[in-house]
Protein chains: 2
Amino acid sequence: MKRTKIIDLLKGELLGEKVNIKGWVRTRRGNKAVTFIALNDGSTIHNVQVVADPDLLPSEEMTRITTGACLNVIGKLVESQGSGQNVEVQAESIEIYGTADPQTYPLQKKGHSLEFLREIAHLRPRTNTFGAIFRIRHNMAIAIHTYFHEHGFVYFNSPLITGSDCEGAGQMFQVTTLDLNKVPKDKDGNVDYSEDFFGKHTALTVSGQLEGEMAAMALGAIYTFGPTFRAENSNTPRHLAEFWMIEPEVAFLEIEENMDLAEDFIKFCVQWALDHCMDDISFLSEHFDKELIDRLRFVLDKPFKRLTYTEGIQVLEDAIKQGRKFEFPVYWGADLASEHERYLVEEYFKRPVIMTDYPKEIKSFYMKINDDDKTVRGMDVLFPKIGEIIGGSEREWNYDKLVKRANEMGVPEKDIWWYLDSRRYGTAPHSGFGLGFERLLLFVTGMSNIRDVIPFPRTPNNAEF
Amino acid sequence: MKRTKIIDLLKGELLGEKVNIKGWVRTRRGNKAVTFIALNDGSTIHNVQVVADPDLLPSEEMTRITTGACLNVIGKLVESQGSGQNVEVQAESIEIYGTADPQTYPLQKKGHSLEFLREIAHLRPRTNTFGAIFRIRHNMAIAIHTYFHEHGFVYFNSPLITGSDCEGAGQMFQVTTLDLNKVPKDKDGNVDYSEDFFGKHTALTVSGQLEGEMAAMALGAIYTFGPTFRAENSNTPRHLAEFWMIEPEVAFLEIEENMDLAEDFIKFCVQWALDHCMDDISFLSEHFDKELIDRLRFVLDKPFKRLTYTEGIQVLEDAIKQGRKFEFPVYWGADLASEHERYLVEEYFKRPVIMTDYPKEIKSFYMKINDDDKTVRGMDVLFPKIGEIIGGSEREWNYDKLVKRANEMGVPEKDIWWYLDSRRYGTAPHSGFGLGFERLLLFVTGMSNIRDVIPFPRTPNNAEF
């Protein structure tokens with residue numbers, strides 16, 4: 001008999017028919033006359049209620065139907081008198097695939113802390129919370145691929161293992177096949193990388209952007225979407241050592257159009273969440289963040305406010321004059337903190353903000369320098385609650401200026417000879433940006449710790465599973 | 001003025017109108033009266049011909065329009081008299097964004113070898129061949145996400161950095177932040193991993209399957225699609241140290257349905273290629289593999305032949321009796337070589353083959369053991385030209401049998417305690433498979449070296465860019 005997924009069953013179209021459902025027991029309750037089993041199969045946050053005669057199985061068997069057990073149920077789909085759903089299943093047969101000993105099964109009780117659930121990350125997808133989060137994560141990935149595919153972008157896989165180290169000096173994970181118990185040394189006493197797998201020092205990438213630019217200057221418009229790594233010793237709710245990034249890069253795009261793209265793209269993603277994930281979002285809103293849905297709508301409401309960094313500093317300085325207190329100092333040249341970004345978004349402009357034209361000293365070497373020789377065409381998209389969600393720029397496409405900036409910022413030319421080739425041969429204006437996938441998920445799910453929106457978080461001293 | 005992409009321009013709907021196109025010069029030719037420039041912007045394999053009066057620019061400027069230069073052209077879209085396209089652009093203005101010095105630009109001439117192009121992997125997307133390959137790569141990724149999304153699978157990101165080492169013993173890349181010049185040692189003289197970033201030995205994953213199973217046993221149906229790593233010192237046209245894998249995993253799926261899924265999925269992908277990439281496939285077929293399109297259709301033609309390993313060995317032994325020669329020996333218990341697989345597919349059954357029920361000794365510990373206690377419910381999908389394209393199995397879902405197999409095959413229980421939890425709590429039948437993305441791309445593009453279907457290949461002694 002063909003199994004029906006619970007998400008399809010709950011549509012009610014099979015009312016009156018015999019159905020087969022399979023899933024995991026969330027709760028079992030009842031009395032001598034009747035047993036109620038709430039069954040979930042992961043296809044939706046909603047359970048279906050199975051109603052069974054306690055004599056359907058020998059009582060010894062029946063007691064093995066506890067939270068976490070896996071069942072194969074055949075029965076009739078009927079209208080429900082109060083299961084919270086319109087329909088329920090009157091069981092005709094129940095097969096127990098697997099039990100879950102109540103003495104040891106860690107998800108026995110409800111209301112575990114998120115901290116505890118992180119320690120059993122291999123089981124937490126079985127909870128309502130993480131079922132919802134991972135279904136939303138899926139839908140946001142599909143939204144991203146859909147958006148770029150429909151706009152003619154090519155999904156481009158930049159390499160994970162890299163021999164170049166342009167951005168992440170000191171914060172990269174080394175990749176090696178050398179035996180650390182006996183590292184081979186050359187005659188000067190340094191590590192002999194000629195014996196390593198790649199014959200040189202290699203590390204995990206911190207960004208696919210530079211490779212992405214090479215592709216954009218051939219294919220026109222590309223995006224990456226893959227894991228990136230940062231060996232930063234930060235134990236905060238906002239940092240992961242392994243996270244996923246989306247990095248579109250587009251030839252012939254200048255900064256204004258880059259802002260248009262970022263705004264259109266992020267609104268598409270948020271709209272997608274509202275259109276496709278409302279059951280899961282409602283659950284998370286109810287349990288973790290009552291303002292979640294309002295905040296999602298807030299982003300869609302109005303055009304984002306666009307202003308320069310210099311204008312932004314002015315607004316913040318004015319606020320300080322009028323008595324607003326900030327923890328971190330505000331002055332032209334300072335890197336804005338999350339509190340400043342949130343003030344602009346939540347209190348002052350009351351809409352998302354795109355800030356541009358940052359001091360060159362606080363941005364990367366590849367950003368296009370403005371005529372003032374002081375600012376660069378970077379842009380950050382600032383969101384309520386989380387601050388910066390997107391960082392991007394128009395890229396410096398003039399060979400000489402790029403080399404000068406690379407030298408000024410200590411990026412060795414020998415490491416980026418290939419990158420410079422894109423400015424040496426057939427250069428053109430181009431722009432792009434990066435979106436941290438888990439940042440987007442924090443925003444869309446309302447969760448407040450980034451470890452809770454990725455299946456198996458990697459952080460300092462934590463690489464279980 | 002709004003730029004038009006060449007793929008849209010060639011539809012001809014803007015005939016008679018003024019258009020703006022931007023792209024890179026593929027060729028320039030002409031005479032004193034007229035200049036013809038073939039321009040490509042990566043949106044399609046086809047160029048558009050720009051027709052210009054040689055006096056449109058000062059002759060000094062005009063000579064800088066050489067292969068690889070990047071142009072911004074405004075002109076009128078008119079019917080063409082023989083550019084190979086229906087339309088061409090009569091240039092009214094040309095701006096040179098970037099030149100490409102013919103003395104040094106490596107893609108000056110046509111007909112570079114694939115080997116040479118691998119050395120300039122940062123520029124090769126600018127060639128017709130690699131433009132075609134990377135557009136196809138994109139489309140196949142979209143096909144894969146589309147298929148699984150439409151079938152209710154959740155995209156699940158298994159971790160890249162892992163502390164467990166269940167499958168890849170000896171073939172994993174170590175990930176570390178320890179300084180290899182002065183590796184810290186404990187009092188026994190061993191590496192002191194307490195000082196490493198994760199506080200323990202970590203490596204890059206060889207498969208996301210085990211984590212994927214944990215998710216399938218909660219969400220019902222999941223798929224991974226991400227990079228995986230193998231530190232295998234194999235310099236062959238079929239091996240990469242970094243490659244992308246797709247690994248669906250489905251609760252309640254047994255081996256027969258797993259075969260149905262694999263066949264339906266791979267046919268969907270091949271059909272997608274024919275439906276969405278015909279321009280690029282035709283180009284590759286013409287230049288590299290005349291039989292490519294026939295081979296793609298061959299796969300779609302008939303149901304795949306399903307047979308057991310034991311039956312397959314019988315067919316091969318019969319062939320040998322009748323005089324067929326193979327390089328590698330055939331006997332029950334042997335791992336089949338590509339030549340055997342191709343004989344079954346191309347010569348004997350004349351259709352793709354799904355082989356099942358392999359000797360347990362040559363398959364992984366997690367495959368469900370059959371009642372004969374000799375074979376396991378593994379399945380390989382065998383394709384023309386490339387041999388195995390998919391490998392999968394029904395998973396052993398009985399706790400005791402799984403532990404026994406793990407012990408027999410030397411997989412330490414302490415490394416897979418979390419994996420075993422899925423059999424300890426709410427276990428159920430489930431199945432899945434893995435598809436090497438680049439294997440699929442070899443099949444769909446007709447290329448014969450796997451280094452040519454990934455943007456920046458990583459192989460022994462090669463991690464440039």
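We name chains A, B, ... by the order of the sequence lines, and we start the count at 1 in each one.
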> Stepwise, does the side chain to side chain contact (heavy atoms under 4.5 Å, CB included) test hold for A:F437 with A:M140?
Replying inline: CA-CA 9 Å; A:F437 189 42; A:M140 298 320 292; 3.9 Å; yes
> Taking it one step at a time, do B:H149 and A:H145 satisfy side chain to side chain donor-acceptor pair (under 3.5 Å)?
Replying inline: CA-CA 11 Å; B:H149 179 61; A:H145 282 296; over 6 Å; no
> Given the rule in the ring-ring contact (aromatic ring centres under 6.0 Å, His included) test, do B:Y419 and B:W397 qualify, once you have shown the distances and angles that lead to the verdict?
Replying inline: CA-CA 11 Å; B:Y419 179 66; B:W397 55 286; over 10 Å; no
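Side-chain contact between B:Y399 and B:T427: absent, with no pair of heavy atoms (C-beta onward) separated by less than 4.5 Å. At least one side-chain heavy atom of A:T228 sits less than 4.5 Å from a side-chain heavy atom of A:F243. With a 4.5 Å cut-off on side-chain heavy atoms, A:I65 and A:V25 count as touching. B:L204 has its side chain within reach of A:L204: a pair of non-hydrogen atoms, C-beta onward, lies under 4.5 Å apart.
Contacts with chain A were tallied for B:G220, B:A141, B:P227; B:P227 has the most, counting heavy-atom pairs under 4.5 Å. Each of A:F134, A:F225, A:F465 has some count of heavy-atom pairs under 4.5 Å with chain B, and the biggest count is that of A:F465. Ranked by heavy-atom pairs under 4.5 Å with chain A, the list B:P159, B:A251, B:A100, B:A241 is led by B:P159. The candidate from A:T177, A:N181, A:V175 with the greatest count of non-hydrogen atom pairs under 4.5 Å with chain B is A:N181. The candidate with the highest count of non-hydrogen atom pairs below 4.5 Å against chain B, out of A:F456, A:W417, A:F198, A:Y155, is A:F198. Contact tally against chain A (heavy-atom pairs below 4.5 Å) for B:P455, B:A216, B:G426: the top residue is B:G426. Contact tally against chain B (heavy-atom pairs below 4.5 Å) for A:M214, A:E213, A:Q174, A:R135: the top residue is A:Q174. Put simply, of B:T99, B:L160, B:D41, the one with the most heavy-atom pairs under 4.5 Å next to chain A is B:L160. Ranked by heavy-atom pairs shorter than 4.5 Å toward chain B, the options A:E211, A:R126, A:H122 are led by A:H122. Counting heavy-atom pairs under 4.5 Å between each of B:N398, B:N190, B:V191, B:L180 and chain A puts B:L180 at the top. Between chain B and the residues A:N233, A:T459, A:T202, the most heavy-atom pairs under 4.5 angstrom are made by A:T459. With respect to chain A, the highest number of heavy-atom pairs below 4.5 Å among B:G42, B:G68, B:S43 belongs to B:G42.
For a residue to count as touching a neighbouring chain, one of its non-hydrogen atoms must lie under 4.5 Å from one of that chain's; by this rule B:V154 touches chain A with backbone and side chain alike. At a 4.5 Å heavy-atom cutoff, B:F148 makes no contact with chain A through either its backbone or its side chain. Looking at B:P460, the atoms closer than 4.5 Å to chain A (heavy atoms on both sides) sit in the backbone and in the side chain alike. For B:K22, the parts lying near chain A are the backbone and the side chain together; criterion is any non-hydrogen pair under 4.5 Å. Residue A:T127: no heavy atom, backbone or side chain, is found under 4.5 Å from chain B. In this structure, the portions of B:L178 lying under 4.5 Å from any heavy atom of chain A include both its backbone and its side chain. Heavy atoms of A:N139 lying under 4.5 Å from chain B belong exclusively to its side chain. Only the backbone of A:E232 comes within less than 4.5 Å of a heavy atom of chain B; no side-chain atom from C-beta onward does. Looking at B:I142, the atoms closer than 4.5 Å to chain A (heavy atoms on both sides) all sit in the side chain, from C-beta outward. For a residue to count as touching a neighbouring chain, one of its non-hydrogen atoms must lie under 4.5 Å from one of that chain's; by this rule B:E95 does not touch chain A. With a 4.5 angstrom heavy-atom cutoff, B:A69 touches chain A only via backbone atoms. Contacts between A:N462 and chain B at a heavy-atom distance below 4.5 Å involve the backbone alone (N, CA, C, O). No part of B:A121 comes within reach of chain A, as not one of its non-hydrogen atoms sits under 4.5 angstrom from that chain.
With hydrogens and angles disregarded, a donor-acceptor distance shorter than 3.5 Å links the side chain of B:D186 to the backbone of B:G189. Counting only distance, with no hydrogens or angles, the side chain of B:T67 and the backbone of B:P102 share no donor-acceptor pair below 3.5 Å. Listed for the B:N40 side chain is a donor-acceptor partner under 3.5 Å among the backbone atoms of B:T44.
Partners of A:R458 by salt bridge (Lys or Arg N to Asp or Glu O under 4.0 Å), not counting sequence neighbours: none found.
The pair B:D101-A:R424 fails the salt-bridge criterion, with no side-chain N (NZ, NE, NH1 or NH2) lying under 4.0 Å from an Asp/Glu carboxylate O. Ion pairing between A:K200 and B:E464 holds under the 4.0 Å rule for side-chain N and carboxylate O.
Sorted by first and then second residue, the salt bridge (charged side-chain N to carboxylate O under 4.0 Å, His left out) pairs with a member in residues 136-151 of chain B read B:R137-B:E438; sequence neighbours excluded.
Relative ring orientation between B:H151 and B:Y147 is described as parallel, the plane-to-plane angle staying below 30° on a 0-90° scale split at 30° and 60°.
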